[in-house]
Amino acid sequence: MGNSGGSLTTRSTGELHQLMRAAGFTGIEDTQALAEGWQVTDFAEAGRRSLANLVQSTGTPAIMVSFLDSDVGFVEALTPDGSSWEGLLNREMAKSYEIPLEHFPIEPAIAGALAWSAAAGLTPDEETIRQTLTGSALFAEQLSSALMIALGLPGAS
């Protein structure tokens, strides 16, 4: 069982790699520009406060998905006012890793995702968010992509 890194999505006008390094992310890869200033960047590792540090420095909402062997995705999202939510992708696979599903309740994650999207000025799709947080896929990255679309991120695919 290993970690296969993660991906960070945020809106930033600054040099995202530099901001991510300063926030404690390592192994930062190329950034993909979405639309309306949103960007997604893969990384190898993030520190415990990396997401909070980045949101504080950019002043914009961000969402991070950390992957466990491409089987499970741990979602963390934060807004500049401190509102946050967490979720789990690929719950069935998470059971095989003995990850306690009760630590990732679905309804609070959906409510948090909707609030995060609203704070980010996006238009989310609640039913698709629910399907993504309860569904399964061969790779957690597939669910992560579906979640970004469901959250209303412009240009997400």
Side-chain angles (χ1 to χ4, degrees), residues 3-68 70 72-91 94 99 103-126 128-133 135 137 139-157:
N3 185 319
S4 57
S7 99
L8 172 85
T9 305
T10 190
R11 188 181 335 208
S12 174
T13 56
E15 206 291 304
L16 191 55
H17 287 197
Q18 182 179 349
L19 294 167
M20 287 178 70
R21 276 191 293 280
F25 291 89
T26 61
I28 300 164
E29 298 182 15
D30 290 339
T31 295
Q32 175 190 355
L34 300 178
E36 300 175 23
W38 287 93
Q39 302 176 55
V40 61
T41 303
D42 292 336
F43 60 88
E45 293 184 17
R48 197 164 126 76
R49 295 215 16 95
S50 294
L51 182 63
N53 292 342
L54 184 81
V55 168
Q56 184 177 24
S57 69
T58 62
T60 62
I63 184 167
M64 177 175 79
V65 182
S66 300
F67 299 105
L68 179 61
S70 287
V72 178
F74 298 93
V75 181
E76 296 177 67
L78 188 62
T79 62
D81 70 3
S83 298
S84 65
W85 69 278
E86 294 181 337
L88 184 66
L89 300 175
N90 233 5
R91 296 176 79 82
I99 295 168
H103 291 188
F104 300 94
I106 293 169
E107 293 307 318
I110 293 168
L114 293 171
W116 182 89
S117 287
L122 304 174
T123 305
D125 179 335
E126 181 175 353
T128 306
I129 290 171
R130 180 180 304 282
Q131 290 171 0
T132 303
L133 292 175
F139 298 108
E141 289 86 349
Q142 294 167 305
L143 292 171
S144 177
S145 294
L147 179 62
M148 298 307 140
I149 293 167
L151 290 169
L153 285 158
S157 59

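FYI, side chains are in, hydrogens and waters are out, and symmetry mates aren't considered; it's all heavy atoms of this structure.
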Engineer: If you compare all heavy atoms of Leu78 against all heavy atoms of Ala52, which two are closest, and at what distance to 0.1 Å?
Structural biologist: CD2-CA, 3.4 Å
Engineer: Side chains of Leu34 and Thr9, heavy atoms from C-beta outward: is any pair under 4.5 Å?
Structural biologist: yes
Engineer: Would you sort out whether Thr31 and His17 count as a side-chain hydrogen bond (donor to acceptor under 3.5 Å, both in side chains), showing the intermediate values?
Structural biologist: CA-CA 8 Å; Thr31 295; His17 287 197; 2.8 Å; yes
Engineer: To the nearest 0.5 angstrom, please state how far the CE atom of Met20 sits from the OG1 atom of Thr10.
Structural biologist: 9.5 Å
Engineer: Examine distances only and state if a side-chain atom of Asn53 and a backbone atom of Ala22 form a donor-acceptor pair shorter than 3.5 Å.
Structural biologist: no
Engineer: I need the minimum non-hydrogen distance between Leu133 and Ala109, along with the two atoms involved.
Structural biologist: CD1-CB, 3.8 Å
Engineer: With no hydrogens and no angle check, just 3.5 Å: does a side-chain donor-acceptor pair link Thr58 and Ser12?
Structural biologist: no
Engineer: Checking Arg91 against Ile106 for the side chain to side chain contact (heavy atoms under 4.5 Å, CB included) test, could you report, in this order, the C-alpha distance in whole Å, the side-chain angles of both residues, the deciding distance, and whether it holds?
Structural biologist: CA-CA 10 Å; Arg91 296 176 79 82; Ile106 293 169; 3.7 Å; yes
Engineer: Take Ser70 and Glu141, measure what side-chain hydrogen bond (donor to acceptor under 3.5 Å, both in side chains) needs, and give me the verdict at the end.
Structural biologist: CA-CA 7 Å; Ser70 287; Glu141 289 86 349; 2.7 Å; yes
Engineer: Give, for atom CG of Leu16 and atom CZ of Arg21, the distance between the pair rounded to the nearest 0.5 Å.
Structural biologist: 9.5 Å
Engineer: Measure the shortest side-chain to side-chain distance between Val75 and Ser144 over non-hydrogen atoms and say whether it is less than 4.5 angstrom.
Structural biologist: no
Engineer: Using a cut-off of 6.0 Å, state whether more than 12 heavy atoms not belonging to Asp81 lie near its atom CG.
Structural biologist: yes
Engineer: Nearest 0.5 Å, what's the CD1-CD1 distance between Ile129 and Ile149?
Structural biologist: 12.0 Å
Engineer: Okay, side chain of Thr60, backbone of Pro80: is any donor-acceptor separation there less than 3.5 Å?
Structural biologist: no
Engineer: Taking side chain as C-beta onward, heavy atoms only, is Val40 less than 4.5 Å from Met148?
Structural biologist: no
Engineer: Would you call the rings of Phe74 and Phe104 parallel, tilted or perpendicular if under 30° counts as parallel and over 60° as perpendicular?
Structural biologist: tilted
Engineer: Would you check if the side chain of Trp85 reaches a backbone N or O of Ile110 as a donor-acceptor pair within less than 3.5 Å?
Structural biologist: no
Engineer: Atom CG in Leu54, atom CZ in Arg49: separation rounded to 0.5 Å?
Structural biologist: 12.0 Å
Engineer: Between the main-chain N or O of Ala120 and the side-chain N or O of Arg11, is there a donor-acceptor pair closer than 3.5 Å?
Structural biologist: yes
